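Take a look at the structure below.
Worth saying up front: this structure is predicted, and the values here are computed from it rather than measured. All values below come from the heavy atoms of this structure, side chains included, with hydrogens, waters and symmetry mates left out. Protein chains get the first letters and strands the later ones, always in sequence-line order, with residue 1 at the start of each.
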Protein chains: 2
Amino acid sequence: MRYSYQREIILDIVRSTKTHPTAEWIHNKAQKKIKAISLGTVYRNLGLLENLGKIQTVKDNNVVRYDCNIEPHNHLKCKICDTLIDIPVANEAMKKNVKSKYNFDVDDINITFIGTCSKHN
Amino acid sequence: MRYSYQREIILDIVRSTKTHPTAEWIHNKAQKKIKAISLGTVYRNLGLLENLGKIQTVKDNNVVRYDCNIEPHNHLKCKICDTLIDIPVANEAMKKNVKSKYNFDVDDINITFIGTCSKHN
DNA sequence: TAATAAATAGTAATCATTCCTAATAAATAA
DNA sequence: TTATTTATTAGGAATGATTACTATTTATTA
Ligand SMILES: [Mn+2]
Ligand SMILES: [Mn+2]
Ligand SMILES: [Zn+2]
Ligand SMILES: [Zn+2]
């Protein structure tokens, strides 16, 4: 894979925040550094960075959010401010349970707890 | 809310299957009973039926699937045949754990186990 | 039966994402 | 360094699921 300044900037931006930003948010930030960067370039490079294992994606409703935390983890989603909060996950027991009960081989577990975060007490 | 034959047919169709169908699939089925039924009518009535608590929705990638099982439950998703399999969920312990660790009030938990179902042994 | 307004059919609009293509630029060889 | 090659980009069009709009139809009530 060839070097690209656009890709470098995009990775920097994803790594600069824990807010699980969308492609559009990343595009807006990137335009401050590269005025003519296109949204297509942002999407393409986010996809490449995901394939390289340098970032993760999180599906949130009907949008994809990007995550610089590449550890396996899950999220708390606040229905008031839409924040996604990282939480660790211990899932080996769950996987074994599902395998024995349903004969279903689990590769990945998506868990989102939806509710109200501590900001809204 | 006024009676509508379209709504009756749509509810019948959702209740006729455990396959978690999409709006388009439901629309195709409905057209066999009502030739001119529109996709908009299908979407509107599915929304109404969800508000009435007669059906549930499941977000699957970038499509919404409809579910006649209105018990709280979660799903196994097979990455080979895309089947969604209902599983019961015991979540009170999880909710309490998240509340004490993160001061986050959980209303709902979405869990999807992604992997390979028993058809593909 | 007539009046009222909810529901519908058909179509246009929306929005996130992907696709397409001529132009640009990174990597390599001469 | 300069020329060649081809990956990458910018910009715009296309896609696909869902929602919005509106004239017409139809369930309900008087
Ligand atoms: Mn995260
Ligand atoms: Mn289900
Ligand atoms: Zn919040
Ligand atoms: Zn399967």
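Between B/L49 atom CG and C/dA7 atom C1' the separation is 13 Å, expressed in whole Å. In this structure, the CD1 atom of A/I9 is 17 Å from the P atom of D/dT8, given to the nearest Å. As rounded to whole Å, 16 Å separates atom C1' of D/dA10 from atom CZ of A/R7. C/dT18 atom C1' lies 15 Å from atom CD of A/E50, rounded to whole Å. The interatomic distance linking B/I34 (CD1) with C/dA7 (P) rounds to 15 Å, in whole Å. We find that CG of A/L46 is positioned 15 Å from P of C/dA16, with the value rounded to whole Å.
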Once base and sugar-phosphate atoms are separated, protein heavy atoms under 4.0 Å mark nucleotides 11-30 of chain D, 5' to 3', with B, S and - as B-----SBB------BBS--
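Here A/F113 contributes atom CZ and B/M94 contributes atom CE; the two are 5.0 Å apart, rounded to the nearest 0.5 Å. One distance of note links OG1 of A/T57 with OH of A/Y66; it measures 7.0 Å at 0.5 Å rounding. Interatomic distance, CG of A/D105 versus CD1 of B/I114, reported as 14.0 Å (0.5 Å rounding).
Classified by interplanar angle (parallel below 30°, tilted 30° to 60°, perpendicular above 60°), the ring pair A/H75/A/H20 is perpendicular.
Side-chain nitrogen and oxygen atoms of A/Q6 include none within less than 4.0 Å of the OP1 or OP2 phosphate oxygen of C/dA25.
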Annotated structure of DNA chain D as dot-bracket, pair cut-off 3.5 Å, Watson-Crick or G-U only, | for inter-strand, is ||||||||||||||||||||||||||||||
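B/Q6 and B/T41 are not linked by any side-chain donor-acceptor pair at a separation below 3.5 angstrom, with hydrogens and angles left out of the test. Between the side chains of B/T83 and B/K119, at least one donor N or O sits under 3.5 Å from an acceptor N or O.
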A/V98 vs B/L76, test: side chain to side chain contact (heavy atoms under 4.5 Å, CB included). Steps then yes/no.
CA-CA 9 Å; A/V98 167; B/L76 310 178; 3.7 Å; yes
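Nearest heavy atoms, B/L39 versus B/H27: N-NE2, 3.4 Å.
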